[in-house]
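Some notes on the structure that comes next.
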Amino acid sequence: MLRIAVPNKGSLSGPAGEMLHEAGYRQRRESKELRTVDPTNEVEFFYLRPRDIAIYVASGQLDIGITGRDLLIDSGADAEEILPLGFARSTFHYATKPGTIDSLADLTGKTIATSYEGIVAAHLADGGVEASVVHLDGAVETAIQLGVAQVIADVVETGTSLRNAGLEVVGEPIMKSEAVVIRRTGADGEEPKVRQFLRRLQGVLVARTYVMMDYDCRVEQLEKAVALTPGLESPTVSPLHNEGWVAVRAMVPSKEAQRIMDDLYDIGARAILTTAIHACRL
């Protein structure tokens with residue numbers, strides 16, 4: 001069986017389980033379950049602490065895993081990203097008291113508090129900056145106020161927590177993270193079960209990104225309509241009973257669907273419908 005590591009809790013857990021369910025895999029029914037077998041698909045899922053997944057995968061005990069890019073890099077494990085999944089997005093920044101630091105070079109000699117010392121140490125090394133890194137678990141915003149560090153490095157979403165602590169973001173992002181599929185570095189990427197697993201997840205990603213659009217239009221407006229809805233290869237066009245009309249079907253990006261419907265209506269298309277795509281293969 002294919003052995004896959006899945007986050008057991010936190011912001012990665014729920015969306016990962018939903019995606020796997022949409023991809024047709026059996027998932028655990030209770031949060032206390034640490035292992036689930038899907039005999040139909042010949043897959044065994046292990047629900048592990050997100051920070052540990054890269055280490056398990058790198059050891060070769062598990063074939064692939066779902067974790068955060070940040071956790072993969074921070075672990076320093078011998079594992080690599082093979083597919084971004086588009087959820088649990090986050091951005092890492094340095095932050096400190098306003099007006100004290102302007103650039104990465106200004107971090108030289110400073111003490112930086114973070115829960116991700118692997119990421120920070122690598123970023124400082126890449127920038128040729130020598131600074132001390134202190135590991136703290138959980139929220140690190142109070143580290144400066146309590147004198148533990150002069151700078152923190154942490155996930156920044158809205159920046160509200162930083163502002164409440166009297167801090168501001170410094171410089172460019174350290175990195176941008178999201179959920180990813182990982183495997184041991186150098187592992188066989190052509191293994192059939194791994195390829196099938198990745199195809200299923202890619203199908204879910206496409207299904208979430210596109211909708212199916214159907215509409216009727218006059219033949220003389222078909223070229224304009226097709227330009228608006230080119231589809232992935234080309235749209236399906238079928239003649240209607242009423243002479244001079246055709247039915248068109250094409251996949252369109254879901255974010256642009258409303259605009260496309262307006263544009264189609266303006267050129268005379270009618271009976272414009274969109275439907276969700278639950279699964280696909282490209």
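Just so you know, residue 1 is the first one in the sequence shown, and it goes up from there.
I4 has its side chain out of reach of L20: every pair of non-hydrogen atoms, C-beta onward, lies at least 4.5 Å apart. A heavy-atom distance below 4.5 Å is found between the side chains of R183 and E80. Side-chain contact between P253 and V211: absent, with no pair of heavy atoms (C-beta onward) separated by less than 4.5 Å. No side-chain heavy atom of V43 sits under 4.5 Å from any side-chain heavy atom of K193. Looking at S115 and R51, their side chains come closer than 4.5 Å, going by heavy atoms from C-beta outward.
Cluster annotation: Y56 and V181 are assigned to distinct hydrophobic clusters (Ile/Leu/Val/Met/Phe/Trp/Tyr, side-chain heavy-atom contacts under 4.5 Å, transitive). The hydrophobic clustering, which links ILVMFWY residues whose side-chain heavy atoms are closer than 4.5 Å, places V57 and L2 apart.
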Just do the side-chain contact (heavy atoms from CB on, under 4.5 Å) check on W245 and R218 with the steps written out, would you? CA-CA 5 Å; W245 284 82; R218 298 283 305 179; 2.9 Å; yes
- request: Kindly indicate, with the supporting measurements, whether the criterion salt bridge (charged side-chain N to carboxylate O under 4.0 Å, His left out) is fulfilled by K32 and E30.
  value: CA-CA 5 Å; K32 293 182 179 180; E30 296 182 4; over 6 Å; no
* Carefully, step by step, assess L205 and M19 under the rule side-chain contact (heavy atoms from CB on, under 4.5 Å). => CA-CA 9 Å; L205 291 172; M19 176 169 279; 3.5 Å; yes
### Message
One pair to check against side-chain contact (heavy atoms from CB on, under 4.5 Å): L167 and K97. What are the steps and the verdict?
### Response
CA-CA 5 Å; L167 306 177; K97 293 180 179 178; 4.2 Å; yes
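Put simply, the side chain of T111 never gets that close to the backbone of Q150: no donor and acceptor are under 3.5 Å apart. Proximity of a side-chain donor or acceptor of R49 to a complementary backbone N or O of P7 within less than 3.5 Å is not detected. Side-chain atoms of N41 come within 3.5 Å of backbone atoms of G24 as a donor-acceptor pair (strictly under, hydrogens ignored).
The one candidate from L12, L62, I182 that meets the side-chain contact (heavy atoms from CB on, under 4.5 Å) condition with I53 is I182.
If you take CD1 on I82 and CG on L198, they are separated by 4.5 Å, rounding to the nearest 0.5 Å.
For E44, the salt bridge (charged side-chain N to carboxylate O under 4.0 Å, His left out) partners two or more places apart in sequence, or in a different chain, are R3, R35.
Remark: E220 CD is packed, more than 12 non-hydrogen atoms of other residues, nucleotides or ligands lying under 6.0 Å away. More than 12 heavy atoms of other residues, nucleotides or ligands lie within 6.0 Å of CD in E33, so this atom counts as buried by the packing criterion.
Taking the six-membered ring where tryptophan is involved, the planes of Y25 and F197 are tilted, since the angle between them lies from 30° to 60°. Ring pair F92/Y116 is perpendicular by interplanar angle, where above 60° counts as perpendicular and below 30° as parallel.
No side-chain N or O of H21 forms a donor-acceptor pair with one of Q27 less than 3.5 Å apart.
Looking at every heavy atom in both residues, V248 comes nearest to C217 through CG2-SG, 4.3 Å. Taking every heavy atom of both residues into account, R69 and K176 meet most closely at NH1-O, 3.0 Å.
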